[in-house]
Protein chains: 2
Amino acid sequence: MEVNARKPKSQHARQKILSAASKLFLKGGVEALNVRAIAKQAGLSTIGIYSHFQGKQGILDTLYIEGFEHVHTAARVAKPAQREDVLTAIKAYLRIAEEYEAHYRLIFGEVDAAYVPSTQAQAAREKAFASLLGLAEAYLPNDATAQEKRSFALDIWSLVHGYVSLAHHGLRDDSQVSRWQRQVLRAVNVYLDGHAAQQSKPD
Amino acid sequence: MEVNARKPKSQHARQKILSAASKLFLKGGVEALNVRAIAKQAGLSTIGIYSHFQGKQGILDTLYIEGFEHVHTAARVAKPAQREDVLTAIKAYLRIAEEYEAHYRLIFGEVDAAYVPSTQAQAAREKAFASLLGLAEAYLPNDATAQEKRSFALDIWSLVHGYVSLAHHGLRDDSQVSRWQRQVLRAVNVYLDGHAAQQSKPD
DNA sequence: TTCTATTTTATAACAATGTTATGTATAAAC
DNA sequence: GTTTATACATAACATTGTTATAAAATAGAA
């Protein structure tokens with residue numbers, strides 16, 4: 001009676017644990033993620049977290065990777081990109097920051113000062129940044145240097161992430177999310193205006 | 001033999017505890033702040049943390065207030081302010097973010113997801129933001145609306161804080177602090193160019 | 001100064017949470 | 001089928017914030 005024989009039974013446990021952790025995380029953030037709660041939600045004991053994920057760190061790393069994968073997805077654009085495409089990517093980014101708030105807080109360290117992402121988790125971050133570089137490449141002129149692309153990507157990311165972070169820490173008044181997003185997009189437009197003015201007058 | 005009779009004796013203990021906590025915090029960040037370590041550093045038992053500070057939360061709140069007081073100090077400028085003055089304030093902000101990194105991480109939540117600043121601590125944040133509004137007011141034309149000032153302050157703060165936050169989370173390559181700071185200032189200049197262009201063409 | 005009330009204090013115990021240890025069960029390899 | 005490796009439940013451990021208890025110290029009133 002081996003039903004679903006393609007996946008070893010232990011992978012069922014791994015999936016159960018990850019599914020339980022994700023459910024708790026999406027609903028209650030990282031505070032809801034303690035090994036006893038995860039084990040209970042999965043209908044198992046805590047030891048599986050250690051055998052399958054090497055402990056709580058492994059759970060957090062998995063979620064961290066998911067978080068940056070969302071960022072990666074949002075930032076991807078096709079070449080060439082106009083201003084509207086940049087703004088569309090930023091809207092997607094902001095949507096993810098809202099919809100996956102727990103992930104967002106995890107990837108930007110609002111978790112526990114002791115959490116240090118694993119090497120693999122850090123690779124997910126690099127991949128997400130690479131997609132932002134892709135956005136810069138698609139938007140900037142073909143003769144833009146690597147340094148210019150990098151600077152552009154960092155500028156945009158700083159501005160947008162800065163807004164998200166300030167919102168997380170009490171600097172957003174009671175305005176609606178959509179209004180805050182319009183603020184972000186307006187700020188990015190101001191930046192893009194300044195950037196365009198620089199491009200049109202070579203030093 | 002009441003030497004230093006102006007300060008009740010219990011205030012000596014309070015000061016000892018705060019001094020011990022600050023010393024640990026500045027050196028080891030929030031991870032170094034556990035009640036047993038603080039008590040040991042102060043040469044007392046842990047109970048004083050509860051009677052004088054109502055627990056660890058009180059210690060964190062006190063340090064959080066210090067953090068935003070540093071921000072407040074950096075952002076203060078005299079009226080009227082030119083671009084150079086804005087850049088000077090940003091440099092001061094970046095210096096503080098570097099020199100008081102533990103404070104900076106505390107005020108932006110890189111501590112423990114369960115830490116929620118007290119009402120008094122949140123007031124320190126509002127005061128710091130008020131000084132950024134003052135910066136906006138000093139820089140913008142006299143007929144700028146409150147909304148314009150607020151937007152400007154948030155834009156600048158988002159951009160600068162965004163850069164600091166990205167640096168905290170692995171997005172700063174191995175470049176020197178001063179080079180990163182030049183990046184921030186360049187980005188702010190791009191933004192200010194865009195902003196100036198908007199000011200000179202009313203919609 | 002004495003007495004009373006309040007606050008502070010050291011110490012032990014408790015609660016929560018990540019982790020490890022132990023022995024058993026299951027899965028994989030031969 | 002036997003042996004080896006992995007997964008598992010459970011209990012115990014280690015750490016850290018907090019509370020409980022009793023005693024000491026301080027502050028305020030008479």
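This structure is a prediction, so every number in the text was calculated from the model and none was measured.
Partners of A:Arg105 by salt bridge (charged side-chain N to carboxylate O under 4.0 Å, His left out), not counting sequence neighbours, listed by chain and number: A:Glu101, A:Glu110. Under the ring pair (Phe, Tyr, Trp, His ring centres under 6.0 Å) criterion, B:Phe25 pairs with B:His103, sequence neighbours left out. With sequence neighbours excluded, no residue forms a salt bridge (charged side-chain N to carboxylate O under 4.0 Å, His left out) with A:Arg179. In terms of the ring pair (Phe, Tyr, Trp, His ring centres under 6.0 Å) criterion, residue partners of A:Phe129 (sequence neighbours excluded) are, by chain and number, A:Trp157. In this view, A:Arg186 and B:Asp155 satisfy the salt bridge (charged side-chain N to carboxylate O under 4.0 Å, His left out) rule, not counting sequence neighbours. Residues satisfying the salt bridge (charged side-chain N to carboxylate O under 4.0 Å, His left out) test with A:Asp173, not counting sequence neighbours, are B:Arg150. A:Phe152 pairs by the ring pair (Phe, Tyr, Trp, His ring centres under 6.0 Å) definition with A:Tyr139, A:His195, not counting sequence neighbours.
Atom CD1 of A:Ile17 and atom C1' of D:dA9 are 13 Å apart (whole Å). With rounding to whole Å, B:His12 atom NE2 is found 13 Å from D:dT26 atom C1'.
A donor-acceptor contact under 3.5 angstrom links the side chains of A:Ser151 and A:Gln147, judged on distance only.
The stretch residues 103-115 of chain B does not touch DNA chain C, since none of its heavy atoms comes less than 4.0 Å from the strand.
In terms of phosphate contacts, B:His52 brings a side-chain nitrogen or oxygen within less than 4.0 Å of OP1 or OP2 of C:dT9.
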- Note on the structure: With B for base contact, S for sugar-phosphate-only contact and - for none (protein heavy atoms under 4.0 Å), nucleotides 10-19 of chain C reads BB-B---BBB
